[in-house]
S.K.: 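Handing you this structure, nothing more for now.
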Amino acid sequence: MNAIVYQKFGNTAVLQSIDQPKPIIQSSQILVKVKAFSINPMDWKIRKGEMTLMSGSKFPKHTGTDFSGTVEEIGGSVSGFMKGDEVFGVVKDMMKEGVSAEYVAVPASLVWKKPSMISFPQAASIPVVGTAAVTALEKMGKINSQTSVLVNGATGGFGMFLLQLLKQRGADVTAVTNSKGVEFAKKWGANAVIDYTKENVLSQSSTYDIVIDLSGKMGYKAAKQIMQSKAIFLNPTPKPIEIPVSFFKNLFTSKKHIVIVSSPSTNYIDVLLGAVKDGMQIEVNKVFPFSQYREAYQYTEQGGYIGKVVVEIK
Ligand SMILES: NC(=O)c1ccc[n+]([C@@H]2O[C@H](COP(=O)([O-])OP(=O)(O)OC[C@H]3O[C@@H](n4cnc5c(N)ncnc54)[C@H](OP(=O)(O)O)[C@@H]3O)[C@@H](O)[C@H]2O)c1
């Protein structure tokens, strides 16, 4: 089968297409014929060698984490699936495995039936950022119409899910986005929208109960000036040292710094599919053919897109 791998850390030039044997499944696994996989910032952070503490430095490495496709083969101890079922899922070890291939072997517990109302590219967009968005909601605690939330980076993959989930729960959301995202943020229900290319969110006078930074550029220290006295700052891109340090500092400050580490599971996927039924939209900005995998990564790494970017295997 055809697979995309890399043999050293670097930019998209290190990605190469190779021929390798189809994976052999264990009894608890399913072999999926991949139809689509989505691109996540984590893919290129790992490829560029920015996460070696967790990814290790063993090569070759595959890329891509969440996928959709059809069931090709079912392990002996797996029930509830049939050959040909339309499914989506995620690899078990996001740091060391990848789905950028024609077939992928994954634990059945991380494969879910694809509802017919969503396409393969949309389904492949859900697990990583959708789960992160639900995890962020859990960290926020009780939310109602009095809860003011600032989502910085509100129309990328994570933001698209989070903004709509927050609105389904009635929060008062301010979305910070690029110019192209302004209309999307309004469509997804944001109460206020700030175009970060025109206005510095840190220079305005409003303060919030919750600030979440999905751009990785704001940081807790800067965010404090737009946080109310007992507000929380949610950080899904912590540096390793920030995890213990924020825990310790939170004991002494009323403005909390909370890191997010998410891990997909059926409970999260159920919440997300429920939200889709209730009208949550999954915007796939661009679908690239498998042969253009380098272009897909280059396009995504430049930013400026809305929602998700997906690679499709025909
Ligand atoms: N901890 C976890 O479990 C977890 C899980 C999933 C994702 N993440 C992380 O969460 C982050 C967001 O993920 P994602 O998939 O949504 O990434 P994404 O699609 O790249 O979205 C990031 C968004 O931030 C915007 N942005 C860039 N600079 C900005 C600025 N100065 N002010 C406001 N917004 C700005 C980007 O806009 P432009 O396109 O204009 O640059 C983009 O829309 C990533 O770093 C990802 O690695 C963490």
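Whatever order the structure lists them in is the order used to number ligands and atoms, beginning at 1. Atom set for the values below is all heavy atoms of this structure, side chains included, hydrogens, waters and symmetry mates excluded.
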S.K.: Is the ring centre of F59 less than 6.0 Å from the ring centre of F9?
M.R.: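 Judged by ring-centre distance (under 6.0 Å), F59 and F9 do meet the cut-off.
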S.K.: Is a side-chain donor or acceptor of T131 paired with a backbone partner of V128 at a separation under 3.5 angstrom?
M.R.: no
S.K.: Which ligand 1 atoms does N178 reach within 4.0 Å, using its non-hydrogen atoms?
M.R.: 37 (O), 38 (P), 39 (O), 40 (O)
S.K.: Below 4.0 angstrom from a heavy atom of G303, which ligand 1 atoms are there? Numbered from 1 as shown, please.
M.R.: 39 (O)
S.K.: Using atom types as modelled and distance alone, determine if a side-chain donor or acceptor of R294 lies under 3.5 Å from a backbone N or O of L15.
M.R.: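 Confirmed, R294 side chain pairs with L15 backbone.
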S.K.: Looking at every heavy atom in both K187 and Q281, which two are closest together, and how far apart are they?
M.R.: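 Heavy-atom minimum between the residues: CE-OE1, 3.1 Å.
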S.K.: Where is the nearest protein heavy atom to atom 16 (O) of ligand 1: which residue, which atom, and how far?
M.R.: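 Result for atom 16 (O) of ligand 1: F158 N, 2.9 Å.
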S.K.: Taking only Lys NZ, Arg NE, NH1 and NH2, and the carboxylate oxygens of Asp or Glu, determine whether E301 and K48 approach each other closer than 4.0 Å.
M.R.: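 K48 and E301: salt-bridged.
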S.K.: Using atom types as modelled and distance alone, determine if a side-chain donor or acceptor of S77 lies under 3.5 Å from a backbone N or O of S27.
M.R.: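 Present.
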S.K.: Do side-chain atoms of S203 reach the backbone of E199 as a donor and acceptor pair under 3.5 angstrom?
M.R.: no
S.K.: Give a yes/no on ligand 1: does G216 have at least one heavy atom closer than 4.0 angstrom to it?
M.R.: no
S.K.: Does the pair K286/E295 count as a salt bridge with the N-to-O cut at 4.0 Å?
M.R.: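 Here K286 does not pair with E295 in a salt bridge, since their nearest N and O are not under 4.0 Å apart.
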S.K.: Just distances here: any N/O of V261 and N/O of ligand 1 closer than 3.5 Å?
M.R.: no
S.K.: Less than 4.0 Å between a side-chain N and a carboxylate O, is that true for K114 and E86?
M.R.: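 Salt bridge flag = yes for K114 with E86.
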S.K.: Where the side chain of Y293 meets the backbone of S17, is there a donor-acceptor pair that is under 3.5 Å apart?
M.R.: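 At least one qualifying donor-acceptor pair exists.
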S.K.: Would you check if there is a donor-acceptor pair between the side chains of T135 and S262 at a distance under 3.5 Å?
M.R.: no
S.K.: What about P41: any of its N or O atoms under 3.5 Å from an N or O on ligand 1?
M.R.: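 Between P41 and ligand 1 (N or O atoms, distance only) the closest approach is not under 3.5 Å.
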S.K.: Please state which option from V201, I39, T237 has its nearest heavy atom closest to atom 9 (C) of ligand 1.
M.R.: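 Of the listed residues, T237 has the closest heavy atom.
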S.K.: Indicate whether atom 36 (C) of ligand 1 is within a distance of less than 4.0 angstrom of some protein heavy atom.
M.R.: no
S.K.: Judged by modelled atom types alone, do H257 and N250 share a side-chain donor-acceptor pair under 3.5 Å?
M.R.: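 Absent: no donor and acceptor within the cut-off.
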S.K.: Side chains of residues 168-176: which donor-acceptor pairs under 3.5 Å do they make with residues two or more places apart or in other chains?
M.R.:
{"unit_1": "Q168", "atom_1": "NE2", "unit_2": "A275", "atom_2": "O", "d": "3.1"}
{"unit_1": "R169", "atom_1": "NH1", "unit_2": "L165", "atom_2": "O", "d": "3.0"}

S.K.: Short N/O distance, under 3.5 Å, between K308 and ligand 1?
M.R.: no
S.K.: Which of the numbered atoms in ligand 1 are under 4.0 angstrom from any heavy atom belonging to N152?
M.R.: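 Those qualifying, in numeric order: 32 (N), 33 (C).
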S.K.: What protein heavy atom sits nearest atom 25 (C) of ligand 1, and how far off is it?
M.R.: G153 CA, 3.8 Å
S.K.: Using the ring of each side chain (for Trp, its six-membered ring), is W112 parallel, tilted or perpendicular to F88, with breaks at 30° and 60°?
M.R.: tilted
S.K.: For ligand 1, find out whether one of its N or O atoms is nearer than 3.5 Å to an N or O atom of N40.
M.R.: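 There is no such contact.
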S.K.: Distance under 4.0 Å to a non-hydrogen atom of A132: what atoms of ligand 1 satisfy this?
M.R.: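 In order of numbering, the contacting atoms are 5 (C), 6 (C).
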S.K.: Starting from atom 48 (C) of ligand 1, what is the nearest protein heavy atom, named by residue and atom, and what distance separates them?
M.R.: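 Checking every protein heavy atom, the shortest distance to atom 48 (C) of ligand 1 gives P236 O, 3.3 Å.
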S.K.: By number and element, which atoms of ligand 1 are closer than 4.0 Å to a non-hydrogen atom of G156?
M.R.: 16 (O), 19 (O), 21 (O), 43 (O)
S.K.: If you measure every N or O of G157 against every N or O of ligand 1, does any of those distances drop under 3.5 Å?
M.R.: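 Yes, at least one N or O pair falls under 3.5 Å.
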S.K.: If you count the atoms of ligand 1 from 1 in the order shown, which ones are under 4.0 Å from a heavy atom of V129?
M.R.: 15 (O)
S.K.: How far is atom 22 (C) of ligand 1 from its nearest protein heavy atom, and which residue and atom name does that atom have?
M.R.: L214 O, 3.6 Å
S.K.: Can you figure out which of P238, S215, S262 has its heavy atom closest to atom 26 (N) of ligand 1?
M.R.: S215
S.K.: Starting from atom 32 (N) of ligand 1, find the nearest protein heavy-atom neighbour and note its residue, name and distance.
M.R.: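 Going atom by atom, the protein heavy atom closest to atom 32 (N) of ligand 1 ends up being Y196 CG, 3.5 Å.
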S.K.: List ligand 1 atoms under 4.0 Å from I260, heavy atoms only on the residue side.
M.R.: 1 (N), 2 (C), 3 (O)
S.K.: What residue and atom, counting heavy atoms only, is the protein's closest point to atom 47 (O) of ligand 1, and at what distance?
M.R.: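 Among all protein heavy atoms, the one nearest atom 47 (O) of ligand 1 is K45 NZ, 2.8 Å.
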S.K.: Is any N or O atom of T155, backbone or side chain, closer than 3.5 Å to an N or O atom of ligand 1?
M.R.: no
S.K.: Closest non-hydrogen protein atom to atom 18 (P) of ligand 1, residue and atom name please, with distance?
M.R.: Y305 OH, 3.4 Å
S.K.: Give a yes-or-no answer on whether the side chains of K45 and N40 include a donor-acceptor pair shorter than 3.5 Å.
M.R.: no
S.K.: Looking at N2 and D19, what are the two nearest heavy atoms and their distance?
M.R.: N-OD1, 4.2 Å
S.K.: With a 4.0 Å cut-off on heavy atoms, is Q302 in contact with ligand 1?
M.R.: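 Flag not set, Q302 not near ligand 1.
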S.K.: Considering heavy atoms of the protein only, find what lies nearest to atom 28 (N) of ligand 1 and give residue, atom and distance to 0.1 Å.
M.R.: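 For atom 28 (N) of ligand 1, the nearest protein heavy atom is K217 NZ, 3.0 Å.
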S.K.: Report, in ascending order of atom number, the atoms of ligand 1 lying under 4.0 Å from any heavy atom of G304.
M.R.: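 Matching atoms, with element in brackets: 38 (P), 39 (O), 40 (O).
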